[in-house]
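Numbers restart at 1 for each chain; the letters A, B, ... are given by sequence-line order, proteins then strands.
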Number of protein chains: 2
Amino acid sequence: MRRARRRGLAHEAADRVRDAIFEGLVPPGAALREVELATALDVSRGSVREGLAVLEREGLVRSEWHRGARVIDMSPADVDEVYTVRAALECLATGTAAERAAPGHLEELSVLTDTLERALDAGADSPALLSLDMAFHDRVYEIAGNSRLTQAWHGVRSQVYLFQLTRIRLGHDQYRSVVVEEHRRLVSMLERGATPALAEAAREHVDSARRALARMLADPPR
Amino acid sequence: MRRARRRGLAHEAADRVRDAIFEGLVPPGAALREVELATALDVSRGSVREGLAVLEREGLVRSEWHRGARVIDMSPADVDEVYTVRAALECLATGTAAERAAPGHLEELSVLTDTLERALDAGADSPALLSLDMAFHDRVYEIAGNSRLTQAWHGVRSQVYLFQLTRIRLGHDQYRSVVVEEHRRLVSMLERGATPALAEAAREHVDSARRALARMLADPPR
DNA sequence: CAAAGTTCAAATGTTGACATCCGGACAATC
DNA sequence: GATTGTCCGGATGTCAACATTTGAACTTTG
């Protein structure tokens with residue numbers, strides 16, 4: 001069993017605000033005022049403040065001295081930055097995971113992909129698919145078992161999530177048509193161990209997402 | 001000019017505590033009590049708390065719910081984790097920097113290496129050399145110009161610093177004998193653009209440090 | 001005597017009040 | 001008329017008091 005974690009109001013507050021951002025209730029670039037959030041969430045400003053610091057660590061929010069916090073926006077440059085870093089991390093993570101994976105782990109990743117496929121076939125909405133998608137990758141990082149690597153991943157994870165949400169919002173057909181296949185490919189590569197081809201597959205998986213989003217941002221299909 | 005930054009007491013507190021850790025005043029594994037630090041630094045507990053959160057983001061400190069913060073320790077596993085992640089980041093950073101570097105940037109890195117060499121020849125102490133060493137790498141990240149990458153770097157930077165400090169404390173001869181040459185090699189590779197050989201050099205530079213530290217930890221020369 | 005329950009000091013988590021800072025609107029100045 | 005100075009509303013930064021949790025010493029119980 002995974003041990004239960006007491007977390008405190010700050011993390012709770014961070015979760016609420018993060019979800020609000022993901023749901024689009026707080027658009028990119030919007031200001032996050034401490035008093036406002038404090039009354040809305042019914043906690044003190046101190047807790048909100050600490051929560052915003054958590055979101056800042058995740059890169060979802062940027063704050064400046066005496067100017068408060070704002071939701072990040074997503075210029076094409078931002079997208080490039082995030083996916084470039086993600087590609088490097090994902091490469092390392094899949095490679096390490098391949099080295100350390102027990103057979104059970106690979107089986108588990110395979111099952112996660114099955115779940116994803118079934119959800120797709122059952123007509124689940126794209127955000128739900130994205131959650132499963134992310135869960136798969138989270139598991140890879142866990143299997144790699146490098147806490148610093150996981151921490152680095154958490155530094156871009158929420159941004160990836162936000163960007164991918166935008167991607168599927170602008171046009172989810174392309175996403176739905178490739179997710180499962182790309183994950184299957186990753187699993188099959190993982191089974192063969194830490195090869196250069198695996199690193200290439202991981203890089204390509206990330207880059208495919210980057211290209212799709214870049215296309216969407218440059219030429220919104222409205 | 002680089003813009004001036006107001007930062008607040010929390011960052012100031014973080015700086016003090018960080019320095020204290022680097023100077024060995026607070027040994028690995030030691031508890032960092034909020035009230036204690038607050039009185040010592042003459043700031044409120046809130047500011048100390050926020051400062052500790054900064055150090056936690058840097059990986060120098062680990063804190064748990066209602067159990068406070070402790071300085072990380074450095075098991076061989078920790079060393080592996082940090083240098084593994086650092087290698088991946090450094091690869092990406094040098095590659096990107098090579099792509100984007102203006103001639104002036106390469107010149108600047110060369111000058112930084114000259115400074116390092118002069119300091120070495122002038123008999124500067126090893127911690128001073130380490131500062132110059134880190135400044136070089138910081139500049140590479142700046143030149144790469146990827147803020148997410150820089151942030152990921154900051155997530156391991158302080159740990160690298162602490163580990164390297166230990167390395168030179170246990171035996172600085174080896175360090176002094178290779179720093180300059182390894183940096184020269186990096187600069188010359190950077191000048192040839194983003195080649196596979198550059199990535200290899202960056203990886204080797206990091207790995208050399210990892211091996212040196214692992215050797216020291218396994219077999220302390222006392 | 002070992003295991004579970006109790007108690008208590010010490011530390012952290014949380015809060016609301018007070019101090020400080022920012023940015024824009026308006027007035028003064030050269 | 002463009003620049004500089006002053007004011008003020010609204011926001012964040014800081015603080016010290018109060019609430020909660022923890023771990024360990026102690027007691028109880030089977």
Side-chain angles (χ1 to χ4, degrees), chain A residues 1-21 25-73, chain B residues 1-21 25-73:
Chain A
M1 280 180 61
R2 212 211 238 74
R3 84 166 175 218
R5 295 178 48 187
R6 307 215 176 335
R7 307 184 311 142
L9 289 183
H11 282 268
E12 215 67 35
D15 288 348
R16 302 287 185 81
V17 175
R18 193 189 303 107
D19 288 345
I21 295 173
L25 272 62
V26 191
L32 295 166
R33 269 173 285 274
E34 294 180 357
V35 281
E36 200 174 309
L37 293 174
T39 52
L41 300 176
D42 193 37
V43 294
S44 84
R45 260 188 62 216
S47 300
V48 168
R49 200 179 164 70
E50 207 171 321
L52 288 175
V54 170
L55 297 182
E56 189 175 7
R57 170 169 17 179
E58 297 178 8
L60 257 190
V61 149
R62 265 178 168 35
S63 61
E64 282 178 287
W65 165 272
H66 262 298
R67 254 185 263 179
R70 317 185 79 84
V71 180
I72 59 161
D73 50 13
Chain B
M1 284 181 62
R2 213 210 238 74
R3 80 168 177 214
R5 296 179 50 186
R6 306 224 173 321
R7 308 182 310 145
L9 288 183
H11 281 268
E12 215 69 34
D15 288 348
R16 302 286 187 81
V17 176
R18 191 189 302 111
D19 288 344
I21 295 173
L25 271 63
V26 191
L32 294 166
R33 270 173 283 273
E34 294 181 357
V35 280
E36 199 173 310
L37 293 174
T39 50
L41 300 175
D42 192 38
V43 294
S44 84
R45 263 186 61 216
S47 300
V48 168
R49 201 180 163 69
E50 205 171 322
L52 288 175
V54 170
L55 296 183
E56 189 175 9
R57 170 168 20 177
E58 296 177 8
L60 259 189
V61 150
R62 267 176 165 37
S63 59
E64 282 177 289
W65 165 271
H66 260 296
R67 252 185 264 179
R70 314 186 81 84
V71 180
I72 58 162
D73 50 14

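For B:Arg45, the side chain to side chain donor-acceptor pair (under 3.5 Å) partners at least two apart in sequence or on another chain are B:Glu34. Residues satisfying the side chain to side chain donor-acceptor pair (under 3.5 Å) criterion with B:Glu64, sequence neighbours excluded, are A:Arg3. With sequence neighbours left out, B:Arg62 forms a salt bridge (Lys or Arg N to Asp or Glu O under 4.0 Å) with no residue at all.
For the atom pair CG (B:Leu37) and CZ (B:Arg16), the distance works out to 11.5 Å, reported to the nearest 0.5 Å. With rounding to the nearest 0.5 angstrom, the CZ atom of B:Arg70 is 8.0 Å from the CZ atom of B:Arg33.
Scanning DNA chain C 5' to 3' for nucleotides with an atom closer than 4.0 angstrom to a non-hydrogen atom of chain A gives a first and last hit of C:dT14 to C:dG23.
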B/S/- contact track for nucleotides 8-22 of chain D, protein heavy atom under 4.0 Å: ---SBBBB-B--BSS
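The heavy-atom pair separating B:Leu52 from B:Val61 by the smallest distance is O-CG1, 4.3 Å.
Residues in residues 51-60 of chain A take part in these salt bridge (charged side-chain N to carboxylate O under 4.0 Å, His left out) pairs, two or more places apart or across chains: A:Arg18-A:Glu58.
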